[in-house]
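Below: one structure, written as structure tokens.
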Amino acid sequence: MAGWKCRPKEFKRLWNYSVGFYGVWVAHVGRRTGLIEAIANRAVESDKLAEQKSLDQKAVRAWCSAAEALGFLKRRGKKVYLPARMKEILLEKKSPLYLGGQFSYLALRSLDYGSLEDLVRTGKTSEMASSFDAIVEATDWDHHAFMSAAKRGRLHKMLSIGCRVLDVGCGTGTFIEKLLQEYPRSSFVGVEPSEAAHRAMEMAAGKSVEIFRQTGEQMAFESEFDLVYLGESLYAASDKPAIASNCFRALKKGGVVAIVEGLLPEKVDDESRLIMGMQLDFALQGFSFMTKKEISSLLKGAGFARVAFTDFGGSLYLVTAEKP
Ligand SMILES: C[S@@+](CC[C@H](N)C(=O)[O-])C[C@H]1O[C@@H](n2cnc3c(N)ncnc32)[C@H](O)[C@@H]1O
């Protein structure tokens with residue numbers, strides 16, 4: 001067998017995908033069990049770490065060794081610690097560098113990937129069986145990215161003074177919860193067709209939030225909202241033009257629709273390779289990503305004007321448009 005140095009670059013690239021697979025699980029399991037958080041605060045010996053967190057000593061040793069080899073943590077003598085930059089990437093949800101939730105999404109979603117073979121053989125799709133946790137992990141960063149983008153524009157003023165917001169496909173309501181904390185003068189309506197609506201209703205109790213269990217296609221609001229938000233929900237809709245025109249009707253004149261969605265790139269590069277791979281995940285659910293052109297003509301077709309794109313990175317965009 002030829003040595004590593006003699007391997008062609010194609011071999012090395014594919015080899016690294018196998019290493020990356022373990023990287024995803026090192027990150028996810030380290031976050032879930034609190035190991036990453038513990039070593040972010042101080043250097044500690046791996047056996048002590050296991051004791052502190054009431055975890056299995058042998059397994060924690062294996063995790064530390066893997067995490068060190070894969071470049072997550074560093075060792076000082078017998079102690080391991082998480083460098084500051086790693087802490088930001090893995091734990092700080094508000095940082096533009098945050099990837100922790102993405103790793104957990106991938107790990108949790110991969111529990112359903114056994115059905116990918118069936119999809120390819122027969123075209124059989126399957127609904128997201130993995131818990132809401134995967135979605136919450138994936139969208140946390142979207143919410144913070146939206147809120148920091150909103151702060152730079154007129155939405156911040158609208159929300160601060162107090163406006164009426166509709167969240168279409170609100171899931172468990174975590175975005176409304178974050179917005180309400182930041183903008184207590186605004187009031188919120190969430191629309192969600194799945195079981196997640198119950199969790200959103202629990203969150204809404206006693207707050208200026210109403211949740212309806214229905215699809216975006218079924219909404220009948222009229223000239224009621226200043227802002228309509230769709231956070232990674234438009235892709236899942238079976239009748240996108242119907243949702244777009246329901247959002248248009250729901251807005252007051254001058255109101256804004258804000259859509260956060262992954263959009264297919266025109267050209268594949270290192271940053272967009274993830275969404276290209278994620279097409280498999282979406283195909284399994286029976287969905288596909290839109291392009292900038294498709295979402296733009298969808299919005300214009302519903303009557304919206306001034307369609308604008310803000311690049312959140314990693315092929316995730318904030319798309320805004322106005323009701324003239
Ligand atoms: C990836 S989750 C995003 C949840 C939430 N917007 C967030 O940012 O946390 C997509 C959500 O869209 C919802 N959804 C799917 N089809 C929909 C439709 N036709 N109308 C409204 N929501 C829909 C799903 O049930 C799911 O809760």
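One-based numbering along the sequence shown. Everything numeric here is computed off the predicted structure, so don't read it as measured data. Atoms within each ligand, like the ligands themselves, are counted from 1 in listed order.
With H143, E127, Q285 as candidates, the residue nearest to atom 8 (O) of ligand 1 on a non-hydrogen basis is H143. Heavy-atom proximity to atom 22 (N) of ligand 1, evaluated over A138, A197, G169, is greatest for G169.
Residue-to-ligand polar distances keep V191 apart from ligand 1: every N/O pair is separated by 3.5 Å or more. Remark: ligand 1 and S233 share no N or O pair separated by less than 3.5 Å (distance only, no angle test). For G231, a nitrogen or oxygen atom sits less than 3.5 Å from a nitrogen or oxygen atom of ligand 1, counting backbone and side chain alike. Inclusion of I135 in the set of residues having an N or O under 3.5 Å from an N or O of ligand 1 is not warranted.
Within 6.0 Å of atom OH in Y22, 12 or fewer heavy atoms from other residues, nucleotides or ligands are found, so the atom counts as exposed in its surroundings.
Under a 4.0 Å criterion applied to the non-hydrogen atoms of G216, ligand 1 contributes the atoms 18 (C), 20 (N), 21 (C). Residue E232 has at least one heavy-atom neighbour below 4.0 Å for each of these atoms of ligand 1: 1 (C), 2 (S), 3 (C), 10 (C). Those atoms of ligand 1 with a heavy atom of T215 less than 4.0 angstrom away are 19 (N), 20 (N). Ligand 1 places these atoms under 4.0 Å from at least one heavy atom of S194: 25 (O). In summary, the atoms of ligand 1 found under 4.0 Å from a heavy atom of E217, numbered by their order in the structure, are 18 (C), 19 (N), 20 (N). Near C170, the atoms of ligand 1 lying under 4.0 angstrom from a non-hydrogen atom of the residue are 5 (C).
Under the 6.0 Å cut-off for aromatic ring centres, F289 and Y235 do not qualify, their centroids lying 6.0 Å or more apart. Ring to ring, H156 and Y183 are close: their centroids are under 6.0 angstrom apart.
For atom 25 (O) of ligand 1, the closest non-hydrogen atom of the protein is E192 OE2, 2.6 Å. Remark: minimum distance from atom 15 (C) of ligand 1 to any protein heavy atom is reached at A236 CB, 3.5 Å.
Neither the backbone nor the side chain of A196 has any atom closer than 4.0 Å to an atom of ligand 1 (non-hydrogen atoms only). Within the 4.0 Å heavy-atom criterion, the part of Y235 lying near ligand 1 is the side chain and not the backbone. Residue P193 touches ligand 1 through its side chain alone, judged by heavy-atom distances below 4.0 Å.
In summary, K58 and D47 do not engage in a salt bridge, as defined by a charged side-chain N under 4.0 Å from a carboxylate O. Using a 4.0 Å cut-off between charged nitrogen and carboxylate oxygen, E224 and R164 count as a salt-bridge pair.
Using a distance-only test at 3.5 Å, with no hydrogens or angles considered, a donor-acceptor pair links the side chain of W63 to the main chain of V26.
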### Message
salt bridge (Lys or Arg N to Asp or Glu O under 4.0 Å) for E45 and K78? Distances and angles first, verdict last.
### Response
CA-CA 6 Å; E45 281 180 34; K78 285 187 174 167; 5.6 Å; no
### Query
Given the rule in the side chain to side chain donor-acceptor pair (under 3.5 Å) test, do Y98 and D140 qualify, once you have shown the distances and angles that lead to the verdict?
CA-CA 10 Å; Y98 179 63; D140 229 337; 5.3 Å; no
### Task
Could you go through the salt bridge (Lys or Arg N to Asp or Glu O under 4.0 Å) check for E195 and R213 one step at a time?
CA-CA 8 Å; E195 277 289 312; R213 187 163 183 185; 3.6 Å; yes
### Query
Should K151 and E182 be marked as a salt bridge (Lys or Arg N to Asp or Glu O under 4.0 Å) after you check the CA-CA gap, both sets of side-chain angles, and the distance that decides it?
CA-CA 11 Å; K151 284 208 167 115; E182 186 83 17; 2.8 Å; yes
### Worked check of ring-ring contact (aromatic ring centres under 6.0 Å, His included) between F312 and F146
CA-CA 9 Å; F312 278 172; F146 173 83; 7.6 Å; no
